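Here's the structure we're looking at; comments come further down.
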Amino acid sequence: MELLAPIPTLATPSLQETVDFYVTVLDFTCKALDEQWKFASIQKDKVTMQLVHPQAKYPFGSSTPFEEPVFTGEIYIHMDGIDELWEKVKDRAEICFPVQNFDYGMREFGIYDNNGYLIQFGQQISA
């Protein structure tokens, strides 16, 4: 048995708006968008994510699906070229925290996507 890769799946009220955010701000490519199935797949380099519009029971017992993000964690993307990406997105997305070095040997920043999900980027540096 071998696990290959996680594929985060984020719920969104608007597939098209969310695809547009990831394509225009983060340079992802839309690999699939099906409004009938309420599903989209986006990819950049080795990172694949899925976007869905819930069709049945809303997460965590909520009476509405999109009062706020229901994902209780964050998406962390390990990368190279973090300063180049920071320069590209810093004025185009809501910032959670700016690019900075941490004592544990990572250079990181965090942004919120158009739905409020925290997307964090990190590059290994010398500790």
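Please read all numbers here as calculations on a predicted model, not as lab measurements. Hydrogens, waters and symmetry mates are skipped; everything else that's a heavy atom, side chains included, is used.
- Note that OH of Tyr22 and CG of Leu10 are 5.5 Å apart. Values are rounded to the nearest 0.5 Å.
- Glu35 and Lys38 are not joined by a salt bridge, as no carboxylate oxygen comes within less than 4.0 angstrom of a charged side-chain nitrogen.
- Judged by distance alone, with hydrogens and angles left aside, the side-chain atoms of Thr29 form no donor-acceptor pair with the main-chain N or O of Lys31 at under 3.5 Å.
- One hydrophobic cluster, built from ILVMFWY side chains closer than 4.5 Å, cannot hold both Phe102 and Val99; they sit in different ones.
- Rounded to the nearest 0.5 Å, atoms CG (Asn114) and CD (Glu17) are 7.0 Å apart.
- Using a 4.5 Å cut-off on side-chain heavy atoms (C-beta onward), Glu84 and Glu87 make no contact.
- Note that the CD1 atom of Ile125 and the CG atom of Asn101 stand 3.5 Å from one another [nearest 0.5 Å].
- By the criterion of side-chain heavy atoms lying less than 4.5 angstrom apart, applied directly or through intervening Ile, Leu, Val, Met, Phe, Trp or Tyr residues, Val47 is grouped together with Leu85 in one hydrophobic cluster.
- Within the 4.5 Å cutoff, no side-chain heavy atoms of Tyr76 are placed close to those of Leu118.
- Inter-residue side-chain proximity for Ile111 and Tyr117 is flagged as unmet; no heavy-atom pair is nearer than 4.5 Å.
- Annotation: side chain of Ile77 is in contact with side chain of Ile119 (closest heavy-atom distance under 4.5 Å).
- From Gln120, atom CD reaches atom OH of Tyr112 across 10.0 Å, with rounding to the nearest 0.5 Å.
- Partners of Phe21 according to the ring pair (Phe, Tyr, Trp, His ring centres under 6.0 Å) rule, which considers only residues two or more places apart in sequence or in another chain, do not exist here.
- In this structure, Val23 is a member of the same hydrophobic cluster as Leu51, with clusters built from ILVMFWY side-chain heavy atoms closer than 4.5 Å.
- Side-chain contact between Cys96 and Phe109 is absent, with no heavy atoms from C-beta onward closer than 4.5 Å.
- Contact annotation: the side chain of Lys88 never approaches that of Val25 to less than 4.5 Å [non-hydrogen atoms, C-beta and beyond].
- Residue Thr12 comes nearest to His53 through the heavy atom pair O-ND1, 3.1 Å, listed as atom of the first residue, atom of the second, then distance.
- With contacts defined as side-chain heavy-atom distances shorter than 4.5 Å, the pair Thr18/Asn115 qualifies.
- One distance of note links CD of Gln124 with CD of Glu108; it measures 11.0 Å at 0.5 Å rounding.
- With hydrogens and angles ignored, the 3.5 Å screen pairs a side-chain donor or acceptor of Gln123 with a backbone N or O of Ile82.
- Under a hydrophobic clustering in which Ile, Leu, Val, Met, Phe, Trp and Tyr are joined whenever their side-chain heavy atoms come within less than 4.5 Å, directly or via other members, Leu33 and Phe28 fall into the same cluster.
- The ring pair (Phe, Tyr, Trp, His ring centres under 6.0 Å) search around Phe97 returns none, not counting sequence neighbours.
- Here the CD1 atom belonging to Ile75 is positioned 5.5 Å from the CE atom belonging to Met49, to the nearest 0.5 angstrom.
- Looking at heavy atoms from C-beta onward, Gln100 lies out of side-chain contact with Arg107 at the 4.5 angstrom threshold.
- In terms of heavy atoms, Ile42 sits closest to Cys30 at CG2-CA, 4.2 Å.
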